[in-house]
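All figures in this text were calculated on a predicted structure; none of them were measured in a lab.
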Amino acid sequence: QELEEVRSWQGTRDVRLLNGNVRRWEGLLLPNNPPYNTGAFRFELTFSPNHPLEPPCATLRTPIYHPSVDLEGRVCQPLTTHMHWQPTTRAIQVLQDLLLQLDSPDPQNVLRPDVARELQERPEEFRRRAEEHTRLHAEPRPN
């Protein structure tokens, strides 16, 4: 049911089970705002055996130049921390939150301090690098 909800949301495309495993989903996330809205970013959502008591883990498999995403694709996402997690939170809310984070980088949720500093101190340089990184690494956006 949650998988179908995510599949029908316009912020994602091609969402499917990874290797038929109901606890591992993958798909494409479609940012709305520059500098990321020219590409699609492959994500993986992994659910613990204790879900929904424990939060899922969102990982970006497509490299992205973003202050909240480290070089391994781990995301600094407060919603999925044990402190903020609610068992009633749905998978679509996790992905909506992730998309919002990509669309509006927050210098407070940081895994790459150098990129966050650049965003704050030299926003034009940040935007140029992020656009170039998106052009080089992101997948083409589906129609």
Exercise: identify the closest heavy-atom pair between V115 and P67: CG1-N, 3.6 Å
Backbone of L71 reached by a side-chain donor or acceptor of R74 within 3.5 Å: no
Donor + acceptor pair across side chains of S48, H51 (<3.5 Å): no
T62 side chain near R42 side chain, heavy-atom distance below 4.5 Å: yes
Point-to-point distance, once rounded to the nearest 0.5 Å, from CD of E125 to CD of E118: 5.0 Å
Donor on one side chain, acceptor on other, N32 and D103, under 3.5 Å: yes
same_hphob_cluster(L111, L119) at 4.5 Å side-chain heavy-atom cutoff: no
Min side-chain heavy-atom separation V69-C76 under 4.5 Å: no
Side-chain heavy-atom pair Q120, F126 within 4.5 angstrom cut-off: no
Note: E131-R128 ion pair, threshold 4.0 Å (strictly below): no
For R117, all residues meeting salt bridge (Lys or Arg N to Asp or Glu O under 4.0 Å), sequence neighbours excluded: none
Pair Y36 + H66: ring centers closer than 6.0 Å: yes
For the student: nearest non-hydrogen atoms of P55 and H82, plus distance: CD-CE1, 3.6 Å
Approximate separation, where rounding is to 0.5 Å, of L18 CG and T46 OG1: 8.0 Å
Donor-acceptor pair, side chain of R24 and main chain of L17, under 3.5 angstrom: no
Partners passing side-chain hydrogen bond (donor to acceptor under 3.5 Å, both in side chains) against R23 (at least two apart in sequence or in another chain): none
Flag, side chain of S68 to backbone of N109, donor-acceptor distance under 3.5 Å: yes
Flag, side chain of T12 to backbone of V6, donor-acceptor distance under 3.5 Å: yes
Closest heavy-atom pair and its distance - L99, G11: CD2-CA, 4.1 Å
Closest heavy-atom pair and its distance - W9, Q96: CZ2-CG, 3.4 Å
Heavy-atom closest contact (A130 atom, P35 atom, distance): CB-CG, 3.4 Å
Nearest-0.5 Å distance, CG of residue D97 to CD1 of residue I92: 12.5 Å
Closest approach of G39 to P31 (non-hydrogen atoms, all atoms of both residues): O-CD, 3.8 Å
Approximate separation, where rounding is to 0.5 Å, of F41 CZ and I64 CD1: 4.0 Å
Salt bridge present between R135 and E132 (N-O < 4.0 angstrom): yes
Test side chain to side chain contact (heavy atoms under 4.5 Å, CB included) applied to L136 and H133, step by step: CA-CA 5 Å; L136 291 173; H133 206 272; 5.9 Å; no
Side-chain heavy atoms of T59 within contact of F43, under 4.5 Å: no
Close side-chain approach of R141 to R13, heavy-atom, < 4.5 Å: no
Cluster check L100, L79: I/L/V/M/F/W/Y, side chain < 4.5 angstrom: no
Within-4.5 Å side-chain heavy-atom neighbours: L60 and L102: yes
Spacing of L28 atom CG and R61 atom CZ [to the nearest 0.5 Å]: 13.5 Å
Residue pair V75 / Q101, side-chain heavy-atom distance below 4.5 Å: yes
Steps toward salt bridge (Lys or Arg N to Asp or Glu O under 4.0 Å) verdict (E5, R90): CA-CA 9 Å; E5 186 177 31; R90 301 178 64 74; 2.8 Å; yes
Side chain proximity check, V94 to Q77, heavy atoms < 4.5 angstrom: yes
Test item: E2 side-chain N/O and A91 main-chain N/O as donor-acceptor pair under 3.5 Å: yes
Partner residues of V110 under the side chain to side chain contact (heavy atoms under 4.5 Å, CB included) criterion, sequence neighbours left out: P113, A116
Nearest-0.5 Å distance, CZ of residue F47 to CH2 of residue W25: 4.0 Å
Polar side-chain atom of D70 near backbone of E72 as donor-acceptor pair, under 3.5 Å: yes
